[in-house]
Amino acid sequence: MNGALTPALGLYQPGGSLLHRAPAGAKLAGLALLAVGVLRITAVTTLGMVFGATLAAAALAGLPWRVWLAQLLPICWFALPLLVFQWVTAGQHRAFMVVGQLVVLVSLAALVTLTTRVSAMLDAFEVALGPLRRIGVSPSRVALVLALTVRCVPMVAQTYAETREAQRARGLERSPVALVVPLVIRLLKKADAIGEALSARGLDD
């Protein structure tokens, strides 16, 4: 379903790994369960082991390191201030826990988005939302919104990383305007492209 949208919307990295072949529904359900588990972790060492397992999974899936790490780099700009704030207000352990959980959650989400086609996500969401037809809700449209939400998180992250790199190349690292203005313009262009793709498929109403 809506497979034609995939090139415009997806960061999917083709591959034949077990993670690539796993059903989209199973991966999304697993991501939800893992997210709950990560938020219940209370030891920094345990978080480190989970992150190590995530790295191993990315390697086994054959994901390009630069592509995978690009999903994490954009959170660094607020992870450090968050670490400092939590350290000052709640202590060292709490600071490492909060930032560590954030990094692990983004890493796990990256694994799913990089190994799952958007079309597969749409199908999985639509199947899960099937019972909503009984109350007049269109599962396909709700699924599209959910899939776009999942997809747009890494898209915004990637756009930020690209804009930040261009800012550095121009020697304007200290200028917020040189980052914010191009970033907003790029995101608006991507939003227009997505809107045009949806409109061309009669999904704009």
A.B. asks: Rounded to the nearest 0.5 Å, what separates atom CG in L83 from atom CE in M97?
C.D. replies: 13.0 Å

A.B. asks: For V38, is there any backbone N or O sitting under 3.5 Å from a side-chain donor or acceptor partner on Q101?
C.D. replies: yes

A.B. asks: Taking atom CG of L47 and atom CG of L105, what is their separation to the nearest 0.5 Å?
C.D. replies: 9.0 Å

A.B. asks: Any link between L80 and L82 through a network of hydrophobic side chains (Ile, Leu, Val, Met, Phe, Trp, Tyr) touching at under 4.5 Å?
C.D. replies: yes

A.B. asks: What is the minimum heavy-atom distance between L111 and A57, and which atoms define it?
C.D. replies: CD1-CB, 3.9 Å

A.B. asks: Taking the side chain as every heavy atom from C-beta outward, state whether Q13 and P64 have any pair of such atoms under 4.5 Å apart.
C.D. replies: yes

A.B. asks: Out of curiosity, L55 CG to L63 CG, how far, rounded to the nearest 0.5 Å?
C.D. replies: 11.0 Å

A.B. asks: Examine I41 and M49 and state if one hydrophobic cluster contains both, with Ile, Leu, Val, Met, Phe, Trp and Tyr joined whenever side-chain heavy atoms are less than 4.5 Å apart.
C.D. replies: no

A.B. asks: Looking only at heavy atoms, what is the nearest atom pair of A22 and K27, with distance?
C.D. replies: O-CE, 3.3 Å

A.B. asks: Please answer whether the main-chain N or O of T113 pairs with a side-chain N or O of T116 as donor and acceptor at a distance below 3.5 Å.
C.D. replies: no

A.B. asks: Ignoring hydrogens, what is the shortest heavy-atom contact between A120 and A24? Give both atom names and the distance.
C.D. replies: O-CB, 3.5 Å

A.B. asks: What are the two closest heavy atoms between Q86 and A95, and how far apart are they?
C.D. replies: CB-CA, 3.5 Å

A.B. asks: To check you understand the geometry: which heavy-atom pair defines the closest contact between S17 and L60, and what is its length?
C.D. replies: CB-O, 3.8 Å

A.B. asks: Out of curiosity, does V44 fall in the hydrophobic cluster containing L108 (side-chain heavy atoms, cut-off under 4.5 Å, transitive links)?
C.D. replies: yes

A.B. asks: Once you round to the nearest 0.5 Å, how far does OG of S107 lie from CG of L102?
C.D. replies: 9.0 Å

A.B. asks: Are V106 and L33 in one and the same hydrophobic cluster, where Ile, Leu, Val, Met, Phe, Trp and Tyr link if side-chain heavy atoms are under 4.5 Å apart?
C.D. replies: no

A.B. asks: Nearest 0.5 Å please: distance from the NE2 atom of H20 over to the OH atom of Y12.
C.D. replies: 4.5 Å

A.B. asks: Quick check for you: to the nearest 0.5 Å, what is the distance between T115 atom OG1 and L19 atom CG?
C.D. replies: 3.5 Å

A.B. asks: Flag yes if more than 12 heavy atoms outside R66 fall under 6.0 Å of its CZ atom; otherwise flag no.
C.D. replies: no

